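This structure is a prediction, so every number in the text was calculated from the model and none was measured. Counting convention: from 1, in listed order, for ligands and their atoms alike.
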Amino acid sequence: MAAVLEGFGDLRLEDVPMPEPAMGEVVVRIRACGFCATDYKAIKGIRRNVTLPAIVGHEPSGTVAAIGPGVTHFCVGDDVIVQPSGYCGYCKQCRLGNTHYCEHAFTTGGDGPEDVWPGAFAEFMKTRENTLFHKPPSISFGAAAITEPLSGAWKGLIQHTELEVGEDVVVIGTGSIGLLCVMVARAAGAGRLIVVDPSAFARRNALRLGATHAVNPTEEDAVDAVYGVIPDGPDVVLEAAGPIEAVELMVRMRRRGTRWNVFGITTHERFDLDGGYTHFLEGRMDASFGTTPLAMQRAIKLMETGLVDAEQVISHRFPLSEIHKAVDLMGQPDRNKIIINP
Ligand SMILES: [Zn+2]
Ligand SMILES: [Zn+2]
């Protein structure tokens, strides 16, 4: 069975044949898959770079059900975590470690490169062997489905923005990816860790998961509030919200030397920078998208060692047969990560 998107707004549960693995490919029996906002946008037709019919869902964990010829590192029965962004491993960018820039990239169920394979809101999904990681037994299938977003949080905050122990951090927007950024910042030894979010539910969760302060930007000026807590201003600001207003808020929050990460926005609105002011601030703008095998490996290690308890961001679980309930819930504000169990 699979949830097949036949048309925008038309998601149907259908029987689909089990995929056949070709050379170097594996078929995974999906146990859990995170529900990402990009999946919701495809289902609702908010994002239309989708070739229909499609199967979305790109945050899966499961068990190897079949292997194609030439597969050498995984056997039927192995529990695995799938990196949804497939790559060749041989092009220049892959060899530099930037597999998310791969010239031959594909994605299973996700947004991004043109080559999209059927995703994981299904009992079975096919992918290439090099996208698999062995799932440590101590990590549940549900938590394992958080690996990809957690790896994105690690890549943005630690690899790209190089967060150091003791630094003061602001995270703007604490939906599930923002919360994972908070948990990574806490694990990395952030000093003051301030979150900015208009939702009381989101602020409560952030405080529970390691934030030291929470600011409601609809009640007070968020820049004043942040400088009230840290008069010297933040060392790091990361925008994990999406709207251009969040990016503009981040720009206003900079002080000398602040590193700021354009992490959440994926749409094409413009924002202004004062050239001379930016010059004399000597700050650094970073950005980060997608994931890499390095980031996936680090995310698995964060969970395996208990530095990040990914179960904490899961608010709801649904069997695949109830996916329409999950779709409705995705449109509601008071939720964190929703897990589908095919
Ligand atoms: Zn996603
Ligand atoms: Zn490549």
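- In this structure, R186 has no side-chain hydrogen bond (donor to acceptor under 3.5 Å, both in side chains) partners at least two apart in sequence or on a different chain.
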Side-chain donor-acceptor contacts of residues 264-272 below 3.5 Å, not counting sequence neighbours, with atom names and distances?
unit_1, atom_1, unit_2, atom_2, d
T267, OG1, E269, OE1, 2.7

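- In the hydrophobic clustering of this structure, V80 does not group with I139; members are Ile, Leu, Val, Met, Phe, Trp, Tyr whose side-chain heavy atoms approach within less than 4.5 Å, directly or through other members.
- Around the Zn ion (ligand 2), protein N, O or S atoms at less than 2.8 Å comprise C88 SG, C91 SG, C94 SG, C102 SG.
- A donor-acceptor distance shorter than 3.5 angstrom exists from the side chain of N341 to the backbone of R31, with no hydrogens or angles considered.
- A distance of 14.5 Å separates CZ of F141 from CD1 of I146, quoted to the nearest 0.5 Å.
- For residues 309-333, no residue pair satisfies the ring-ring contact (aromatic ring centres under 6.0 Å, His included) rule, not counting sequence neighbours.
- Rounded to 10°, the angle formed at the Zn ion (ligand 1) by NE2 of H58 and SG of C36 is 110°.
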